[in-house]
Amino acid sequence: MGKDVDFEYWWSLVSEVDRDHFVDGRGSDSKGSFGSDPEFDPKCEKITECDVKGNYAQIFTEKQDGAIGFTDYHVYELLKGQDGNWLISSVFTLLYPPKDSVIDRDKHANLLALSTHTLDFVDCQPNLDLNENTLFQNNRSVVIPSFAEGATEVMEIGRLKINSGVIGIMDFGYDVYEFEPLHRKVEPGDYSVEVVKIHERVAGIKVRLSEKEIAVKWYAANTPSGNGVYGVDAANLAIFDVQSFLGLSRIDKEKLFSEWCLSGQAKLVSMVEHNDCVISPSGFGDGAYPAFWGVNENQQIVSLYIDFMILVKESKDGVYVSV
């Protein structure tokens with residue numbers, strides 16, 4: 001298009017394509033792609049599978065990038081209109097075959113075995129002196145360091161089903177690499193989930209593993225090779241039943257996260273079983289956030305919570321404490 005790009009003309013062309021091929025309100029997001037190779041191109045995109053069920057269809061494609069040797073995978077979701085024409089409702093782009101398991105099936109048994117009831121607790125990092133009971137107080141006025149004063153709101157958002165007793169924590173919008181479950185296993189059950197919010201941001205999320213008891217001490221909710229602090233690259237963290245998670249395909253996970261993004265609120269979602277995962281916005285966004293086991297006086301687990309580091313302050317010696 002040369003140096004003098006007529007953006008309005010380009011956008012009108014893209015809008016025309018979107019209008020002809022997408023359902024109302026959806027599009028190809030191609031307005032900014034005039035200077036690159038097209039992401040969607042029938043000349044180099046091969047249809048590998050069509051799955052049609054009534055007025056809904058999924059079309060699977062592969063696209064080879066000869067320059068760098070990668071394969072992109074697209075999944076097009078289509079809806080059939082009253083006029084008989086098919087229109088695209090969603091497009092998902094993946095780096096792996098969409099129907100592959102999120103984790104290779106031959107690794108499932110070993111992953112589940114990493115979590116047991118009898119492992120020793122791991123102390124929190126020395127720069128963290130955070131307190132679940134301070135964080136989860138309703139309707140208190142708090143001055144957030146370097147932010148503003150506000151009132152906290154604690155609410156129950158539902159009950160999380162953990163059938164396997166094996167729990168995972170991860171950024172649900174990020175790819176799955178060296179995933180590990182939490183080192184400690186809990187009793188199977190469905191457990192109340194609470195969040196604490198301030199200024200409409202989630203400051204913490206908690207799974208109440210005991211309905212009556214309150215934690216008196218906290219340990220790192222770590223994985224076998226981790227320290228209980230979880231990285232975030234897509235502004236969320238999820239807590240979920242690992243057995244259910246292993247039952248997901250890559251496109252299942254992508255769709256689940258995409259649907260959650262439409263609300264962007266802390267909410268329970270269903271992977272395999274009903275409400276077997278909860279996804280929450282992560283405080284101020286990307287970063288790294290600690291998770292803790294809360295125990296009673298007998299060292300029995302009564303809670304699992306993530307602190308999104310909003311209601312904290314840093315002491316003179318560099319230790320973060322709850323406010």
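Fair warning: this is a prediction, and the values are worked out from it, not measured in the lab.
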Cation-pi, Y320 ring and K313 (6.0 angstrom, 45 degrees): no

Heavy atoms from other residues, nucleotides or ligands near OH of Y174 exceed 12 (cutoff 6.0 Å): no

Stepwise side chain to side chain contact (heavy atoms under 4.5 Å, CB included) check, I88 with V23: CA-CA 6 Å; I88 302 168; V23 299; over 6 Å; no

Verdict with supporting geometry, Y96 and T71, side chain to side chain contact (heavy atoms under 4.5 Å, CB included): CA-CA 8 Å; Y96 300 92; T71 300; over 6 Å; no

Heavy-atom donor-acceptor pair, N127 side chain to G318 backbone, under 3.5 Å: no

L119, CG atom: more than 12 neighbouring heavy atoms under 6.0 Å: yes

OG-CD distance between S12 and E16, expressed to the nearest 0.5 angstrom: 7.5 Å

W10 and F7 aromatic centres sub-6.0 Å: no

For V229, the rest of its hydrophobic cluster, which grows through side-chain links under 4.5 angstrom: none

D120, CG: over 12 other non-hydrogen atoms inside 6.0 angstrom: no

CD1 on I169 to CG on L182, rounded to 0.5 Å: 4.5 Å

Backbone N/O of W11 and side chain of S15: donor-acceptor pair under 3.5 Å: yes

Heavy atoms of other groups near I214 CD1, more than 12 under 6.0 Å: no

Heavy atoms of other groups near E297 CD, more than 12 under 6.0 Å: no

Derivation and outcome, salt bridge (charged side-chain N to carboxylate O under 4.0 Å, His left out), residues R19 and D24: CA-CA 7 Å; R19 189 167 54 249; D24 289 345; over 6 Å; no

Nearest atoms (heavy-atom pairs only) where T134 meets V323: CG2-O, 3.8 Å

Same apolar cluster (I L V M F W Y, side chains within < 4.5 Å links), Y219/F136: yes

Worked check of side chain to side chain contact (heavy atoms under 4.5 Å, CB included) between V269 and C277: CA-CA 5 Å; V269 298; C277 174; 3.8 Å; yes

Flag side-chain contact, heavy atom, 4.5 Å: S244 against K161: no

Lys NZ or Arg CZ of R208 over Y191 ring: under 6.0 Å, within 45°: no

Side chains of E45 and Y73, donor plus acceptor under 3.5 Å: no

K185 NZ to T116 OG1 distance, which is reported to the nearest 0.5 Å: 8.5 Å

Residues E49, K99; criterion salt bridge (charged side-chain N to carboxylate O under 4.0 Å, His left out); working and verdict: CA-CA 11 Å; E49 186 176 349; K99 290 192 174 181; 2.6 Å; yes

Residue pair G231 / D171: nearest heavy atoms and the distance that separates them: O-CB, 3.9 Å

Minimum heavy-atom distance E156-S192, with the two atoms named: OE2-OG, 3.0 Å

K253 to F172, cation-pi by 6.0 Å centre distance and 45° axis angle: yes

Side chain to side chain contact (heavy atoms under 4.5 Å, CB included) between H183 and S115, worked out: CA-CA 5 Å; H183 216 175; S115 186; over 6 Å; no

Face-on cation placement of K255 at F257 ring, 6.0 Å and 45° thresholds: no

Over-ring placement of R184 relative to F121, 6.0 Å and 45° cut-offs: yes

Ring-ring centroid check F179 F245, cutoff 6.0 Å: yes

Over all atoms of both residues, closest heavy-atom pair of P224 and P181: CD-O, 3.3 Å

Flag, side chain of D6 to backbone of Y9, donor-acceptor distance under 3.5 Å: yes

Short side-chain donor-acceptor distance under 3.5 Å, D252 and S249: yes

Considering all heavy atoms, the nearest F308-L237 contact: CE2-CD1, 3.9 Å

Test log, rule side chain to side chain donor-acceptor pair (under 3.5 Å), inputs S282 and N236: CA-CA 5 Å; S282 52; N236 80 95; over 6 Å; no

Reported CG-to-NZ distance for the pair D72 and K63, which is rounded to 0.5 angstrom: 6.0 Å

Rounded distance [0.5 Å steps], NZ in K206 versus CD1 in I157: 12.5 Å

Co-membership, hydrophobic cluster, residues I301 and V193, 4.5 Å side-chain: yes

Heavy-atom pair with the smallest gap, counting every atom of S164 and Q243: CB-CB, 3.5 Å

Full working for side chain to side chain donor-acceptor pair (under 3.5 Å) between N298 and N296: CA-CA 5 Å; N298 297 320; N296 62 15; 4.7 Å; no

Close side-chain approach of Y76 to C50, heavy-atom, < 4.5 Å: no

Joint cluster assignment, V176 & F240, ILVMFWY side-chain distance < 4.5 Å: yes

Under 3.5 Å donor-acceptor, S322 side chain and L130 backbone: no

Centroid-centroid under 6.0 Å between H74 and F40 rings: yes

Any donor-acceptor pair under 3.5 Å from D51 side chain to A57 backbone: no

Side-chain heavy atoms of E153 within contact of N138, under 4.5 Å: yes

S141 (side chain) donor-acceptor with A151 (main chain) under 3.5 angstrom: no

Gap between atom CD of Q125 and atom CG of D123 - 0.5 Å precision: 11.5 Å

Side chain to side chain, Y230 and M170, heavy atoms closer than 4.5 Å: no

Donor-acceptor side-chain pairing of T93 and E39 below 3.5 angstrom: yes

H199 side chain vs E149 backbone, donor-acceptor pair below 3.5 Å: yes

4.5 Å side-chain heavy-atom contact, V196 and V202: no

Path from I103 to V242 over hydrophobic side-chain contacts below 4.5 Å: yes

Lys/Arg N to Asp/Glu carboxylate O, R159 vs E211, below 4.0 Å: yes

Min side-chain heavy-atom separation I167-I162 under 4.5 Å: yes

Single-linkage hydrophobic cluster V295~V302, side-chain heavy atoms < 4.5 angstrom: no

Heavy-atom side-chain proximity of W218 to N131 below 4.5 angstrom: yes

Side-chain touch F292/D307, heavy atoms, less than 4.5 angstrom: yes

